Colleague: 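Sending over a structure as structure tokens; questions will come in a sec.
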Amino acid sequence: MFSEVEMARDVAICANHLNGQAPHHQILGRLLKDLIHEKACREHGFYLGITALKSIGNNKNNNDENEDNHQAHILTFPVSFTCRTFLPARGDILQGTVKKVLWNGAFIRSGPLRYAYLSFLKMPNYHYVHSPLSEDEKPYFQKDDLSKIAVGVVVRFGVLAVRFKEKPHKRRNDYYVLATLERNDSFGPISLTGSDEPYM
């Protein structure tokens with residue numbers, strides 16, 4: 001789940017951006033932007049934040065200073081740092097907020113994890129409720145004890161399967177999770193913070 005890992009990568013930055021400014025501030029800013037755009041990796045999961053900057057090496061480019069092209073103005077620095085990460089895995093127990101309910105299941109968001117799908121097949125004893133005559137009433141799943149899985153409800157669930165999807169140029173990589181409420185009595189809607197009353 002949550003980890004703190006040491007990572008190393010090359011950070012490319014335009015030489016013009018370093019004029020008159022502290023180089024390490026600009027390099028760190030570029031690194032942060034790169035991690036935000038990439039969002040996640042297969043090995044470590046979601047990037048949550050840089051916790052320590054270990055080292056910044058010397059520029060690795062060996063371009064001729066008199067060379068008049070774009071590449072000559074790009075500097076590349078090897079950077080070592082530690083990063084807080086979140087890697088969803090089969091068997092994890094998570095909690096998140098229901099964002100959408102369909103007849104065949106619900107979509108849950110948990111922290112950086114935007115796509116946790118809970119199929120109706122993995123909701124024991126819940127049944128789908130929707131009134132086509134009422135536009136104001138949104139669909140939801142409900143048990144005989146009247147507990148509901150509806151938009152806005154916080155749900156504790158188990159991770160049944162995980163899939164990583166790498167986007168072109170590593171922009172906004174993401175994880176997709178199949179959720180389940182089976183085989184654990186603690187799974188399902190949970191009470192609000194500061195309240196002992198369950199969602200009903």
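Here the structure is a predicted model, which is why all the values come from computation and not from measurement.
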Colleague: Identify whether the distance between the nearest side-chain nitrogen and carboxylate oxygen of Glu38 and Arg9 falls below 4.0 Å.
Modeller: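 Answer for the salt bridge query: yes.
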Colleague: Do Val159 and Ile93 come close enough that some side-chain heavy atom pair is under 4.5 Å?
Modeller: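 A side-chain contact is absent here, since even the closest heavy-atom pair is not under 4.5 Å.
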Colleague: Which heavy atom in Phe141 sits nearest to a heavy atom in Asn104, and how many Å separate them?
Modeller: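 For Phe141 versus Asn104, the nearest heavy atoms are CZ-C, 4.4 Å.
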Colleague: Can you get from Phe164 to Phe46 by hopping between Ile, Leu, Val, Met, Phe, Trp and Tyr side chains that sit under 4.5 Å apart?
Modeller: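 Yes, Phe164 connects to Phe46 through the hydrophobic network.
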Colleague: Thr85 versus Leu48: any side-chain heavy-atom pair under 4.5 Å?
Modeller: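 Of all side-chain heavy-atom pairs linking Leu48 with Thr85, none is under 4.5 Å.
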Colleague: Is the shortest heavy-atom distance from the side chain of Phe77 to the side chain of Ile13 under 4.5 Å?
Modeller: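 Counting from C-beta outward, Phe77 and Ile13 do come under 4.5 Å.
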Colleague: How many angstroms lie between atom SG of Cys83 and atom CD of Glu4, to the nearest 0.5 angstrom?
Modeller: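 It is 8.5 Å, given to the nearest 0.5 Å.
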Colleague: Under the side-chain contact (heavy atoms from CB on, under 4.5 Å) test, which residues partner Arg90, sequence neighbours left out?
Modeller: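 Checked Arg90 against side-chain contact (heavy atoms from CB on, under 4.5 Å); matches are Leu160.
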Colleague: May I ask you to test the Ile149-Leu181 pair for a side-chain heavy-atom distance under 4.5 Å?
Modeller: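 The answer is yes; the side chains approach within 4.5 Å.
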Colleague: Determine which pairs satisfy salt bridge (Lys or Arg N to Asp or Glu O under 4.0 Å) with at least one residue from residues 112-126, sequence neighbours left out, and list them in order.
Modeller: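 Qualifying pairs, neighbours excluded: Arg114-Asp174, Lys122-Glu182.
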Colleague: Could you check whether any side-chain heavy atom of Ile190 comes within less than 4.5 Å of a side-chain heavy atom of Val155, counting everything from C-beta outward?
Modeller: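 No, every pair of side-chain atoms sits at 4.5 Å or beyond.
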Colleague: Is Thr76 close to Val11 at the side-chain level, that is, under 4.5 Å between some pair of heavy atoms?
Modeller: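 No - every pair of side-chain heavy atoms lies 4.5 Å or more apart.
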Colleague: How far does CZ of Phe86 sit from OH of Tyr175, to the nearest 0.5 angstrom?
Modeller: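 Output value for this atom pair is 10.0 Å.
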Colleague: With sequence neighbours left out, write down each residue that passes ring-ring contact (aromatic ring centres under 6.0 Å, His included) with Phe81, or none if nothing qualifies.
Modeller: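 Here no residue qualifies.
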Colleague: SG of Cys41 to CE of Met7: how many Å apart, nearest 0.5 Å?
Modeller: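 The SG atom of Cys41 sits 5.0 Å away from the CE atom of Met7.
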Colleague: Please name the pair of heavy atoms, one in Asn173 and one in Ala40, separated by the smallest distance, quoted to 0.1 Å.
Modeller: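 Nearest heavy atoms, Asn173 then Ala40: ND2-O, 2.9 Å.
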